[in-house]
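Below, each value reflects all heavy atoms present in this structure, side chains not excepted, and no hydrogens, waters or symmetry copies. Predicted model, so just to flag it, every value in this text is computed and none were measured.
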2 protein chains.
Amino acid sequence: MKKTVTIHDIARIAEVSSATVSRVLSNSSYPVSDKLRSKILRIAKEHNYIPNLIGKQLKTNASMTIGVIIPTITNPFYSSVILGIEEIARQNHYHVIVCNSLHNPEFEGEYIKTMVEKQIKGLIISSISKDVSLLKQFMRAGLNVIAIDQKIDEDEITQIEFNYEKGGYMAAQHLLALGHTRIGYATSRLDRPSRRDIHAGYLRAMEEAGLPALVEESQSEEAFNSTGEFDVGKRLAARMLAASTPPTAIFACNDMMAFGVINELMLRGISVPGEISVIGFDGIEFGKMTHPPLTTIKQPDYEMGILSGKILLDMMRGDENPTLSVTLQPKLVERASAAQAHTSSPI
Amino acid sequence: MKKTVTIHDIARIAEVSSATVSRVLSNSSYPVSDKLRSKILRIAKEHNYIPNLIGKQLKTNASMTIGVIIPTITNPFYSSVILGIEEIARQNHYHVIVCNSLHNPEFEGEYIKTMVEKQIKGLIISSISKDVSLLKQFMRAGLNVIAIDQKIDEDEITQIEFNYEKGGYMAAQHLLALGHTRIGYATSRLDRPSRRDIHAGYLRAMEEAGLPALVEESQSEEAFNSTGEFDVGKRLAARMLAASTPPTAIFACNDMMAFGVINELMLRGISVPGEISVIGFDGIEFGKMTHPPLTTIKQPDYEMGILSGKILLDMMRGDENPTLSVTLQPKLVERASAAQAHTSSPI
DNA sequence: TTGTACGCGTTATCAC
DNA sequence: GTGATAACGCGTACAA
């Protein structure tokens with residue numbers, strides 16, 4: 001592993017000062033004679049010079065990398081978000097550091113800290129921690145942060161969120177429009193704002209329709225992976241079926257859980273949507289690949305990535321706009337898992 | 001955004017030299033009196049000192065971050081790999097930079113280059129480029145690289161791969177054991193070693209059984225996302241059904257494609273596995289959530305991430321072991337999409 | 001045990 | 001147009 005060539009080496013060989021080399025190789029706007037310029041470029045090429053961005057960064061204090069912290073990359077929803085963020089990053093010659101908090105506040109805090117130590121100036125985070133003091137402290141020290149997906153209770157932080165309440169409302173609304181009256185809502189623990197909002201939307205729709213709410217909430221702190229959600233879906237579906245008059249439609253708080261619900265129903269020989277309709281929430285790609293294809297409420301995940309990336313870069317460039325926050329709107333994706341209720345209605 | 005506090009600030013306040021501060025704060029083994037140590041620590045805490053890792057790195061030339069380049073994070077297979085890599089990275093206080101090449105060799109090259117400029121010393125890559133010259137050049141300059149999943153034709157590069165040939169063989173073997181004799185193989189373009197290997201495994205099994213191979217290969221360079229693979233699956237299934245005597249079992253070269261195959265079959269009222277059995281390849285989590293749950297050949301993706309992370313770190317620490325390469329073994333995951341062939345066998 | 005002084009690779013300031 | 005030279009924040013010989 002031979003020593004790497006620096007601008008000083010180039011300078012020595014070209015018999016110029018390192019200052020001139022720097023001006024050429026970092027294509028600064030500073031005037032340099034064409035003769036020297038081409039000579040330097042030639043020599044740099046010959047010795048295949050590779051700029052050391054660390055040296056540059058120490059001087060300029062601009063790291064060209066943005067950090068992203070999410071619960072887990074394994075969730076396709078976050079994959080899409082990240083793809084969007086990276087698209088913007090790439091266009092602007094930035095790199096993306098991805099960290100999975102795995103729903104562990106300690107990991108999250110640790111990651112934030114070392115990011116700051118690495119002089120990362122921009123962070124996009126779907127935080128699972130209640131404690132924003134750490135974040136705020138670093139923001140005061142110059143860290144730009146955007147909170148996505150999970151609302152953070154802090155006005156000073158730019159947020160990009162979904163209109164979860166509306167999404168929940170739309171889902172219930174869709175089932176109501178199909179003629180269902182006994183509509184169950186299957187949800188994991190209502191311990192996060194997003195989940196409470198979806199729940200609230202569901203309740204609002206049911207109330208407006210003058211129908212009773214049927215909520216099954218999982219109390220367990222499951223492994224928060226896709227399999228975990230799937231299993232919760234199965235369990236909650238089973239609970240709903242145990243009722244004296246089971247629902248004719250089930251709304252699950254995320255797609256993975258909806259798959260679990262459908263799986264449990266089919267296992268019991270209940271046809272979907274023949275006997276019971278199911279609607280999901282999130283709109284991940286896989287919904288179209290299952291049988292039946294999943295009707296769901298789509299959150300624009302990729303767009304969220306794009307948007308948060310753009311806004312973050314704007315912030316880092318010093319656009320001192322008043323911290324604007326954005327709310328993305330959900331969209332109903334009608335596929336085949338939710339259908340008209342039977343006219344041979346309730347027993 | 002006030003100026004950040006450095007070791008010199010601490011030194012001035014504590015009335016010691018910055019060298020002493022450095023020794024304490026970077027907890028070097030260098031001896032420092034307990035009195036000064038605690039004093040320095042106290043002051044650092046009071047002024048909440050944040051070490052600047054860039055300064056440190058410029059000095060030590062060790063970046064504590066590893067790069068990962070994959071086709072797309074959207075593919076759950078790669079998500080799992082990355083989760084594994086990050087697990088190891090976190091345990092060792094490393095960060096992971098993730099880059100999606102999006103099957104674009106230019107992006108891949110660009111990413112490699114800027115990683116090197118950022119003084120990243122370790123890279124895990126699932127390369128889609130034919131050209132290894134760039135990689136080799138950087139390796140000579142001290143970059144440690146591990147090629148995963150996609151074989152690179154270069155002995156000097158440490159490789160961690162799957163035994164694709166065996167996987168293909170096992171899949172066909174399983175269908176044969178279930179009594180199928182007309183077994184189709186649906187594959188995307190055979191332009192990558194991995195795909196050719198699976199194909200070869202299938203052929204070997206069929207040959208050993210003395211049965212004819214039935215291969216449908218997609219010629220198109222699709223968008224390489226999950227939806228693209230799904231659509232290819234649908235298309236290839238349709239083609240197979242158009243044959244005079246369609247197969248009774250279909251082996252798809254990846255799970256996403258298998259979902260497409262199943263979807264197309266069900267759309268045509270063909271029961272899976274009642275009339276036609278389907279087996280996939282990869283073993284992504286979603287396979288268990290579909291209906292019917294997908295029988296498939298599991299590649300240990302997470303384990304691949306763990307392993308590649310470990311080996312990479314070993315390399316970076318200078319274990320001058322002879323470049324060892326590892327091959328991970330596939331495993332049959334029996335779920336419900338492949339069943340016994342009808343005894344009322346061929347027409 | 002502590003301090004001094006230099007260098008890591010780059011850019012920026014100033015003088016020429 | 002060009003060249004010295006001083007930072008940037010840190011670690012570390014070497015000296016004390």
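- Atom CD1 of A:Ile40 and atom C1' of C:dT11 are 15 Å apart (whole Å).
- Using cut-offs of 30° and 60° for the angle between ring planes, the A:His95 and B:Tyr111 rings count as tilted.
- Remark: the B:Tyr49 side chain and the B:Asp9 side chain contain no N/O donor-acceptor pair separated by less than 3.5 Å.
- With hydrogens and angles left out, the side-chain atoms of A:Glu161 and A:Ser325 include no donor and acceptor closer than 3.5 Å.
- Between the side chains of B:Tyr78 and B:Asn100, not a single donor N or O lies within less than 3.5 Å of an accepting N or O.
- Contact annotation for B:Ser26: backbone-only contact, meaning every heavy-atom pair under 4.0 Å involves sugar-phosphate atoms and none involves a base.
- Here C:dA12 presents its P atom at 14 Å from CD of A:Gln57, a figure rounded to the nearest Å.
- If you take NZ of A:Lys118 and P of D:dC10, they are 16 Å apart, rounded to a whole angstrom.
- In the interface, the side chain of A:Tyr30 is paired with the base of D:dT2 through a donor and an acceptor atom under 3.5 Å apart.
- The side chain of B:Thr60 sits closest to D:dG11 out of D:dT2, D:dG11, C:dT4.
- The CD1-C1' distance, from A:Ile7 to D:dA7, rounds to 14 Å in whole Å.
- Within the 4.0 Å cut-off from OP1 or OP2 of D:dC10, not a single side-chain nitrogen or oxygen of B:Ser18 is found.
- Nearest nucleotide to the side chain of B:Lys56, out of C:dT10, D:dC10, C:dA5: D:dC10.
- Residue A:Leu53 is out of contact with every strand shown, counting any heavy-atom pair closer than 4.0 Å.
- Within the 4.0 angstrom heavy-atom criterion, base atoms lie near A:Ser22.
- Of the candidates A:Lys310, A:Arg317, A:Glu87, A:Asn92 forms a side chain to side chain donor-acceptor pair (under 3.5 Å) with just one, namely A:Arg317.
- Nucleic acid contact class of B:Ile54 (heavy atoms, under 4.0 Å, all strands): none.
- Contact check, B:Ser17 against C:dT2: no side-chain N or O comes under 4.0 Å of OP1 or OP2.
- Judged by atom type and distance alone, A:Arg23 reaches the base of D:dG3 through a side-chain donor-acceptor pair under 3.5 Å.
- Using modelled atom types, one finds a donor on one side chain and an acceptor on the other under 3.5 Å when comparing B:Asp131 with B:Ser133.
- Between C:dG9 and A:Thr6, no contact under 4.0 Å exists linking OP1 or OP2 to a side-chain N or O.
- Candidate nucleotides D:dG3, D:dG9, D:dG11 were compared by shortest atom distance to the side chain of B:Leu58, and D:dG9 ranks first.
- Judged by atom type and distance alone, A:Arg37 does not reach the base of D:dG1 through any side-chain donor-acceptor pair under 3.5 Å.
- Residue A:Ala19 places its side chain closer to D:dG3 than to any other of D:dG3, D:dC10, C:dG3.
- Rounded to a whole Å, the CD atom of A:Gln119 is 18 Å from the P atom of C:dT10.
- Rounding to whole angstrom units, CD of residue A:Glu117 and P of D:dG9 are separated by 15 Å.
- Contact of B:Lys59 with D:dG9 (side chain to base): no donor-acceptor pair of N or O atoms is detected under 3.5 Å.
- Atom-to-atom, CZ of A:Arg12 to C1' of D:dA4 comes out at 17 Å; the value is rounded to the nearest Å.
- Separating the NE2 atom of B:His8 from the C1' atom of D:dG11 is a distance of 10 Å, rounded to the nearest angstrom.
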